[in-house]
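This one's a predicted model, so the numbers in the text were calculated from it and none came from an experiment. Protein chains get the first letters and strands the later ones, always in sequence-line order, with residue 1 at the start of each.
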2 protein chains.
Amino acid sequence: MQSTLRPELNDKLYLRDPQATDLGRKIIGESVRLIDEVGFEQFTFKKLAQHIGSTEASLYRYFENKHRLLVYLVSWHWAWLRYQIQYHTHNVPDPAVRLRTMLGIVTRAHQDHAATTHLDEAALYRIVVAEASKTYLTREVDAVNRDGFYREYKLLAADMVAVVLEINPAFPYPHALVSTVLESARKQLFFAQHLPSLADAPDKAKAEDSVLLFLNHLVFAVLTN
Amino acid sequence: MQSTLRPELNDKLYLRDPQATDLGRKIIGESVRLIDEVGFEQFTFKKLAQHIGSTEASLYRYFENKHRLLVYLVSWHWAWLRYQIQYHTHNVPDPAVRLRTMLGIVTRAHQDHAATTHLDEAALYRIVVAEASKTYLTREVDAVNRDGFYREYKLLAADMVAVVLEINPAFPYPHALVSTVLESARKQLFFAQHLPSLADAPDKAKAEDSVLLFLNHLVFAVLTN
DNA sequence: TATAAATGATAGTTTTACTATTAAAGAAAA
DNA sequence: TTTTCTTTAATAGTAAAACTATCATTTATA
């Protein structure tokens with residue numbers, strides 16, 4: 001899986017490839033645990049260095065700053081989702097079934113436990129839910145976008161748009177629908193945990209299932225109307 | 001309008017009521033201009049103090065920190081939208097028409113130019129689009145929520161949920177639908193400006209109209225299915 | 001006019017987000 | 001096996017951010 005996923009990631013995301021060295025892999029693995037624990041705002045390179053027994057200066061040789069590291073982690077997640085989707089849909093002829101599978105994977109209701117990697121995927125997903133918006137809600141969006149840093153997300157969205165159009169070629173807002181669904185998947189999960197009156201998830205522990213039901217209902221109602 | 005809006009805002013949002021004093025109103029007015037200009041991350045109390053000819057220490061007497069100030073500004077916006085909605089829907093019998101009006105106001109395609117206040121509403125809306133998520137995407141969500149800081153947003157959402165249920169009382173995900181629409185309204189506008197491949201807004205200048213069309217399509221397709 | 005409250009001026013602290021320098025360690029090449 | 005290159009560690013330092021504290025002064029209020 002590693003060799004399948006790694007080369008996909010834009011090499012501008014980092015200064016030095018973190019997957020290529022021991023320290024680099026420690027940075028990735030431990031940053032996921034730390035950000036999940038303290039949140040992105042409280043997360044600093046200094047703390048991370050302490051956790052892995054290294055120094056701030058060394059970390060700066062891998063990532064320009066912590067924001068870039070976040071973009072890297074989130075991109076890794078999108079690439080990983082995309083891989084899972086391709087794996088589970090590549091020989092499914094019915095586009096509706098494929099879209100359903102996609103939604104399952106995106107909400108993580110359908111989880112792959114098989115190929116576990118060196119990083120804690122569940123923790124990474126929590127990070128994506130709580131922090132992914134911060135990758136683009138900055139003044140530097142346009143500059144960052146120009147460097148292709150949001151490629152993984154766009155590729156995932158494009159794959160879904162293709163299926164949407166296969167189901168309903170006349171649907172006039174495929175891009176908006178897909179990005180709304182992708183954003184909503186995370187937001188609804190976050191709301192279920194923290195602002196439950198904004199969601200419809202009666203059971204916090206099974207929030208992912210409720211969100212999946214909602215999104216399925218939403219998407220298929222819109223596309224078959 | 002001021003007297004209608006002001007008392008609605010949770011008084012825990014601030015340390016000293018900014019609407020009650022000259023300095024307070026300057027803080028609100030100028031912070032909207034500054035945040036719109038430099039973005040929330042680059043915005044500091046020091047810069048704001050310089051802009052209004054005051055000092056950092058004085059600003060800290062009004063707001064605990066810049067995050068609370070952002071929550072205040074965003075809450076003001078939600079309260080203001082809610083006021084507009086009530087004004088424009090209070091004697092409209094058809095819930096579908098009311099919902100349509102609500103969506104128009106929420107996307108700001110339908111604008112009220114009449115009651116202009118001491119703050120730049122267009123700038124505030126840009127702030128809401130780009131920064132509102134940051135009001136709840138923090139480690140302190142739960143604590144902040146306990147203090148009722150998200151009340152205005154929830155009230156707005158509740159109003160919309162009521163109309164949704166009036167149109168389709170059997171619809172199983174009214175809260176999720178409404179919060180998805182509210183979030184999507186902002187996100188799609190942001191995407192239209194910065195990541196256009198994630199939106200369906202051919203004309204950047206008229207993004208609000210495209211977003212409104214999309215949301216109307218989405219909501220009524222889902223509710224009448 | 002006395003008194004309280006709000007603001008301004010000034011200064012100081014801690015933390016963050018870096019950058020720079022030099023030394024040590026390890027790997028690869030000669 | 002020595003030389004050379006690259007990577008990391010250790011240490012130190014800077015500028016700015018995010019506050020807090022103190023006290024003088026202005027402004028409002030009783």
(request) State, with a plain yes or no, whether a side-chain heavy atom of V106(B) is found less than 4.5 Å away from one of M160(B). (result) yes
(message) Using a 4.0 Å heavy-atom cut-off to protein, can you give one letter per nucleotide of nucleotides 7-12 of chain D, 5' to 3': B if the base is in contact, S if only the sugar-phosphate is, - if neither?
(response) SBB---
(message) Could you check whether any side-chain heavy atom of L23(A) comes within less than 4.5 Å of a side-chain heavy atom of I52(A), counting everything from C-beta outward?
(response) yes
(message) I'd like to know if the side chain of H88(A) and the backbone of I85(A) have a donor-acceptor N/O pair within less than 3.5 Å.
(response) no
(request) Using whole Å, report how far CZ of F63(A) lies from P of dA17(C). (result) 16 Å
(request) Please tell me if the side chains of H194(B) and V144(A) come closer than 4.5 Å, counting only heavy atoms from C-beta onward. (result) no
(message) Expressed as a whole number of angstroms, how long is the span from H67(B):NE2 to dC19(D):P?
(response) 11 Å
(request) List the atom of E41(A), the atom of E131(A), and the distance in Å for their closest heavy-atom pair. (result) OE2-OE1, 4.3 Å
(request) Measure the spacing between CG of L73(B) and CD1 of I35(B) and express it to the nearest 0.5 Å. (result) 5.5 Å
(message) What is the separation between atom OH on Y60(B) and atom P on dT13(C), rounded to the nearest whole Å?
(response) 17 Å
(request) Mind calculating the distance between CG (L34(B)) and P (dA17(D)) to the nearest angstrom? (result) 12 Å
(message) Quick one about Q188(B) and T180(A) (side-chain donor to acceptor, distance below 3.5 Å, no hydrogens or angles considered), yes or no?
(response) yes
(request) Check the side chains of Y62(B) and T21(B) for a donor-acceptor pair under 3.5 angstrom, ignoring hydrogens and angles. (result) yes
(message) Among residues 35-50 of chain A, which ones have heavy-atom contacts with DNA chain D below 4.0 Å?
(response) none
(request) Please state how far atom CG in L59(A) lies from atom C1' in dA20(C), giving the value in whole angstrom units. (result) 16 Å
